[in-house]
Amino acid sequence: MSVVTCLAIILFLLMVWVGGKKGARSFVALFLNFAVLFLTILFMSNPNGNPLLLTFFACTVISCINLFYINRFNIKTVTAFIATVITTVILLVLIIVVTDHAMIQGFGEEEIEELSIFSLYVGVDFVKIGAAVIIMSTIGAIIDIAISLSSPMREIYYHNPTIRRKDLFLSGLAIGRDILGTSANTLFFAFFGGYMALLLWYKDLSYSFGQIINSKIFSAEMMTILCAGIGVALCIPITSWITAYFLVKKRDDVEGEK
């Protein structure tokens, strides 16, 4: 039995022990998400495909898997899904503009040696690929923020069903402020942890500070972190407003029928 298989079994047992059936569904969702990403990459290799449309479709499917498959279909997952889609669209437009002006598409000088044996004429728009990479890197954080807000807001509403929409919205913002700092730091350390070897390489190459911050790879990584932080920050008010709107609307509709 390989090490990877042993780790997968340990992860599965822990997720089932802690989360029960939901933990088991979460474990299955990991493989479903991987399948979606793998198929998206295959379709992106087709020069006739649009990477941005494929990315949006993949993010939508991933959101459905992580929200409706794991947490079932209810008011909190519906509002989280709507907030995720809206945030993704806004962030996708922003990332397209940023990647186009920053010119971070393609490969950096540090990658030339490894790519020298391959042809660079693959017929793929690397500007759109760069935008797709960034949005794929942030979709998990956006989904996490959306469900982390909609769930406690629903609990607040159920324990205080007469709460006003504005007060419920402000409660969501207050919860979001507590989540924002930790989520931004989580994204920062997750991205930089993956590029720790690159920073050591920069040191061995005796790069100056100016060379490091102007490196294409470093710039792309920093923009991914900043765009992810922007997505998390945008998701908080969007999720708070949508959740407050739907919960209070549901109450008003029930009272109107009476």
Side-chain angles (χ1 to χ4, degrees), residues 15 17-27 29 33 56 59-95 135 137-188 190 225-258:
M15 293 180 74
W17 178 55
V18 175
K21 292 182 179 180
K22 185 177 289 188
R25 291 197 298 269
S26 300
F27 183 81
N33 291 330
F56 179 74
C59 290
T60 303
V61 175
I62 290 172
S63 300
C64 291
I65 293 172
N66 288 276
L67 292 173
F68 299 131
Y69 174 69
I70 296 177
N71 298 288
R72 300 307 187 187
F73 192 88
N74 49 59
I75 187 67
K76 70 177 182 181
T77 54
V78 171
T79 55
F81 175 76
I82 296 173
T84 300
V85 172
I86 293 175
T87 306
T88 302
V89 171
I90 296 173
L91 194 59
L92 192 57
V93 174
L94 173 64
I95 290 172
I135 196 67
S137 302
T138 61
I139 185 62
I142 293 174
I143 296 173
D144 181 60
I145 287 291
I147 194 65
S148 296
L149 274 177
S150 62
S151 182
M153 287 181 68
R154 188 188 68 164
E155 292 299 318
I156 292 173
Y157 171 77
Y158 282 172
H159 287 85
N160 187 9
T162 60
I163 189 172
R164 296 185 306 164
R165 179 176 291 145
K166 180 180 179 181
D167 294 334
L168 185 58
F169 170 72
L170 293 176
S171 298
L173 287 181
I175 297 171
R177 292 190 189 101
D178 294 333
I179 299 174
L180 179 60
T182 55
S183 297
N185 279 287
T186 300
L187 291 170
F188 176 82
I225 295 172
L226 295 174
C227 289
I230 291 172
V232 168
L234 282 175
C235 189
I236 291 173
I238 292 174
T239 305
S240 299
W241 186 86
I242 291 175
T243 305
Y245 174 81
F246 275 95
L247 287 174
V248 175
K249 183 177 182 297
K250 182 180 179 181
R251 180 190 65 194
D252 294 342
D253 290 343
V254 172
E255 291 179 353
E257 292 177 359
K258 295 180 181 179

How would you list, by chain and number, every residue that makes a side-chain contact (heavy atoms from CB on, under 4.5 Å) with Ala24, sequence neighbours excluded?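 Phe12, Val16.
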
For Ile230, all residues meeting side-chain contact (heavy atoms from CB on, under 4.5 Å), sequence neighbours excluded: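 If we apply the side-chain contact (heavy atoms from CB on, under 4.5 Å) test to Ile230, skipping adjacent residues, the hits are Leu91, Leu94, Leu234.
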
Please identify which of these residues, Asp167, Thr162, Asn160, meets the side-chain hydrogen bond (donor to acceptor under 3.5 Å, both in side chains) condition with Arg164.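 Result: among Asp167, Thr162, Asn160, Asp167 is the only option passing the side-chain hydrogen bond (donor to acceptor under 3.5 Å, both in side chains) with Arg164.
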
So, taking the atom named [atom1] in [X] and the one named [atom2] in [Y], what distance separates them when rounded to the nearest 0.5 Å?
X      : Y      : atom1 : atom2 : result
Ile62  : Ile139 : CD1   : CD1   : 6.5 Å
Phe56  : Thr88  : CZ    : OG1   : 7.0 Å
Asp178 : Ser183 : CG    : OG    : 10.5 Å
Met153 : Ser148 : CE    : OG    : 13.0 Å
Leu180 : Leu173 : CG    : CG    : 11.0 Å
Ile143 : Leu67  : CD1   : CG    : 5.5 Å

Qualifying residues under ring pair (Phe, Tyr, Trp, His ring centres under 6.0 Å), relative to Phe73, sequence neighbours excluded: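 Phe73 satisfies ring pair (Phe, Tyr, Trp, His ring centres under 6.0 Å) with Phe68 only.
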
Quick one: list whatever passes side chain to side chain donor-acceptor pair (under 3.5 Å) with Asn33, sequence neighbours left out.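 Once residues adjacent in sequence are excluded, the partners of Asn33 under the side chain to side chain donor-acceptor pair (under 3.5 Å) criterion are Asn66.
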
Any donor and acceptor pair, going by atom type alone, linking the side chain of Ser151 with main-chain N or O of Ile147 inside 3.5 Å?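 Not confirmed, Ser151 side chain does not pair with Ile147 backbone.
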
Tell me, do Ile145 and Thr87 make a side-chain contact under 4.5 Å, heavy atoms counted?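 Ile145 does not reach Thr87 side chain to side chain.
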
Under 3.5 Å, which donor-acceptor pairs link side chains of residues 74-82 to any protein atom two or more places apart or in another chain?
from	atom 1	to	atom 2	distance (Å)
Asn74	OD1	Lys76	N	3.2
Asn74	OD1	Thr77	N	3.0
Asn74	OD1	Thr77	OG1	3.3
Asn74	ND2	Asn71	O	3.0
Thr77	OG1	Arg72	O	3.0
Thr77	OG1	Asn74	N	3.0
Thr77	OG1	Asn74	O	2.9
Thr79	OG1	Ile75	O	3.0
Thr79	OG1	Lys76	O	3.0

For Arg154 and Leu247, which heavy atoms make the closest approach, and how far apart are they?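 It is CA-CD1, 3.9 Å.
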
What is the minimum heavy-atom distance between Cys227 and Thr138, and which atoms define it?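 That closest heavy-atom pairing would be C-CG2, 4.3 Å.
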
Run the side-chain donor-acceptor check on residues 235-246: report pairs under 3.5 Å with partners two or more places apart or on a different chain.
from	atom 1	to	atom 2	distance (Å)
Thr239	OG1	Cys235	O	2.7
Ser240	OG	Ile236	O	2.8
Thr243	OG1	Thr239	O	2.7

